[in-house]
Structures are given as structure tokens and as C-alpha cells.
A.B. asks: 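This is the structure I want to talk about, given as C-alpha cells.
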There are 2 protein chains.
Amino acid sequence: MRRDVFQAIADPTRREILSMIANQSLNLNAVAEKFEISRPAISKHIKILSECGLIVIKQKGRERYCEAKLQKLNEVSAWVEQYKVFWTKKLDALESFLAKETASANKRKPIKTSKK
Amino acid sequence: MRRDVFQAIADPTRREILSMIANQSLNLNAVAEKFEISRPAISKHIKILSECGLIVIKQKGRERYCEAKLQKLNEVSAWVEQYKVFWTKKLDALESFLAKETASANKRKPIKTSKK
DNA sequence: TATATTTGTAACCGATCAGTTACACAATTT
DNA sequence: AAATTGTGTAACTGATCGGTTACAAATATA
């Protein structure tokens, strides 16, 4: 069974769970209440999230509070950031192309370049 | 059938395909050659990637070149960046705690803070 | 024209996924 | 002590996933 962060965040319900508990820990029932699906289904999602380290469970009496541990998202961040240059590079190229095109037409007002 | 960027990048083979063609377009066979799995399997992965807009296929004669269109990764980037504050905040808090703790002990050399 | 090459796709397979219902069990409340 | 609450888990289901083999079709080459 593959259990990594990329797989964990692939499911929209799990992403929603993360957004719910990012700011405040919630117990399992509190999480489940906000979804249409059953409590055991949520329980399974929580299990997956905790197995890959995105949340930790703090037992308090009979309740189990889900606390977000978003550090693991760093793995996703690092992966996606390595490619950012590819799409921003293209946008920069488009930007400079448009700037040049506009300059040669030299009647319209120049495009505001965002950086440098 | 759910077909979004999060689901597309959940599979390690698809992430590897993206890394292969990020810099250079490759035809399907060239991609398939570098993997253990069969050509039809790669063909399916390519289809998924193109269906969610991460690559485009340029037909040249009988060959089909896969060109990465990584702009769509922006969606993932935006999602993960919104949470960056949560884990960097905690790290900063830990950092300042350690700095303070070290200062009060004031014999060990201070921790090098990365920014500001 | 016959043959190679590059590819898509259909049909199938076993594993996993995301959900369900039903039940068990421990902690809390009455 | 009895009832309620919060949760885990087993057993099941249908859908999807990631792979395969086998075949078809279009382009390129001999």
C-alpha cells in the first residue's frame, strides 16, 4: 500500500479535512459533522492522513483531537517549486514579448512589468 | 471519473514522466523506453496527464511529442503555499524559543537565524 | 508494394479506494 | 448501574487504478 503525501492530498475530502484543522484541532466527530459522508469514512481519511504524518492524534479522554502537522507538505512544496521556473519563465517571455510588441507600436501605454 | 492535477501528480510514474519532459519534448516511445512497464501503460499515463492539461501532444508525422505544460502546477503551488505559513510559523517559533533558551543559558554559541 | 515503426485502444486482471452498515468497547453522564 | 457519547474496526460493495496482452491503424521506409 502506497502511503505518501502526494497520494494523501489527492483526495478532495482529505484536503478539506486539512483546511478544517489547520487552525484548530478538532475531534473526529466534529470533523465528520461537516461532511455528508459517514463517520467511519471520515475515520478512514483521518487514519490515512495520520499514517503519512500530516496530522497527529491527541487522545483526551474518549475524544481524539486531530492536529494538523503541515510540515510534511514541504515535500510537495519542494517538488512543485522546482518546476515553477518553467511556467514563470514562459510568462516572463510572454511579458517581454508583449512589452516589445507594444513598444514598437509605441502609441499604447507600456505594460507594467511586475519585477526587476 | 475525477481528473484533476492533484490526482494526476499522485502517481510516481506520472511525476517521473513530467520530470523527463520538463526540459525536452519526447515522443511516446522515448518516454516508454525509460520505464520498466509496458508502452500501453505509459500511453495511459500520458493520456491522463494531457487530459488534465499538464502536457500537450504535438503530432509530427506518426510520432506524438509530449510537451510539458506546467502552468497547471500553479494550482498545486497555490494550495500548498497557503499552508506554508503554518509550518514556517512553527519553525520560527521553535527557532526563537531555542534562541531565547540558548541566550538564557548564555554559554553555548547562539543559533544562526536564517532571516531578518 | 511489402515491411517497419509509432501509436491508440479494447478486453481483461488483481489490487486498492472510498464508501456503506453493523457491531464492539471504553469513557462520560445521568 | 444504566444510558449516552466518541470512536475503532470488520465485512462488504462497486468503482477506479495501474498494469497486462492482443490487435488495429496510420505513417515511413525498403
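Letters go in sequence order (proteins before strands), and every chain restarts at 1.
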A.B. asks: Expressed as a whole number of angstroms, how long is the span from A:Ile42:CD1 to C:dT20:C1'?
C.D. replies: 13 Å
A.B. asks: Roughly, in whole Å, what's the span from CD1 in A:Ile46 to P in C:dG19?
C.D. replies: 12 Å
A.B. asks: Side chain to side chain donor-acceptor pair (under 3.5 Å) with A:Glu75: which residues, sequence neighbours excluded?
C.D. replies: none
A.B. asks: Which nucleotide, C:dC17, C:dT6, D:dT9, lies nearest any side-chain atom of B:Asn27?
C.D. replies: C:dT6
A.B. asks: Ignoring backbone atoms, test whether A:Asn29 places a side-chain nitrogen or oxygen under 4.0 Å from the OP1 or OP2 oxygen of D:dT7.
C.D. replies: yes
A.B. asks: Between C1' on C:dC25 and CD on A:Glu63, what's the gap in Å once rounded to a whole number?
C.D. replies: 16 Å
A.B. asks: Quick check: is B:Ile17 connected to B:Ile48 through a chain of hydrophobic side chains (ILVMFWY, heavy atoms under 4.5 Å apart)?
C.D. replies: no
A.B. asks: Who is the Watson-Crick or G-U wobble partner of D:dT27, with both distances under 3.5 Å?
C.D. replies: none
A.B. asks: Using purine N1 to pyrimidine N3 plus N6-O4 or O6-N4 for Watson-Crick, or N1-O2 and O6-N3 for G-U wobble, both under 3.5 Å, which nucleotide pairs with C:dA4?
C.D. replies: none
A.B. asks: Within this structure, what is the CG-to-C1' distance between B:Leu28 and C:dT5, rounded to whole angstrom?
C.D. replies: 13 Å
A.B. asks: Without swapping roles, check the side chain of B:Arg14 against the backbone of B:Leu49 for a donor-acceptor pair under 3.5 Å.
C.D. replies: no
A.B. asks: Could you pull out all residues at least two apart from B:Asp4 that satisfy side chain to side chain donor-acceptor pair (under 3.5 Å)?
C.D. replies: B:Arg2
A.B. asks: Can you give one letter per nucleotide of nucleotides 18-30 of chain D, 5' to 3': B if a protein heavy atom sits under 4.0 Å from the base, S if only from the sugar-phosphate, - if neither?
C.D. replies: SBBBB----BS--
A.B. asks: Just label C:dA4 as syn or anti from its O4'-C1'-N9-C4 or O4'-C1'-N1-C2 angle, using within 90° of 0 for syn.
C.D. replies: syn
A.B. asks: Please list all pairs passing the ring pair (Phe, Tyr, Trp, His ring centres under 6.0 Å) test where one or both residues lie in residues 43-66 of chain B, with sequence neighbours left out.
C.D. replies: none
A.B. asks: Please set out all donor-acceptor pairs under 3.5 angstrom arising from side-chain atoms of residues 21-43 of chain A, sequence neighbours excluded.
C.D. replies:
{"residue": "A:Asn27", "atom": "OD1", "partner": "A:Ala30", "partner atom": "N", "Å": "2.9"}
{"residue": "A:Asn27", "atom": "ND2", "partner": "A:Glu63", "partner atom": "OE1", "Å": "2.5"}
{"residue": "A:Ser38", "atom": "OG", "partner": "A:Ala41", "partner atom": "N", "Å": "3.4"}

A.B. asks: For B:Glu51 and D:dT16, what is the distance between atoms CD and C1' respectively, to the nearest whole Å?
C.D. replies: 14 Å
A.B. asks: Rounding to an integer number of Å, can you tell me how far A:Leu49 CG sits from C:dC17 C1'?
C.D. replies: 14 Å
A.B. asks: What pairs with B:Ser77 under side chain to side chain donor-acceptor pair (under 3.5 Å), at least two apart in sequence or on another chain?
C.D. replies: A:Glu81, A:Lys84
A.B. asks: Tell me the interatomic distance from A:Ile9, atom CD1, to C:dA18, atom C1', rounded to whole angstroms.
C.D. replies: 18 Å
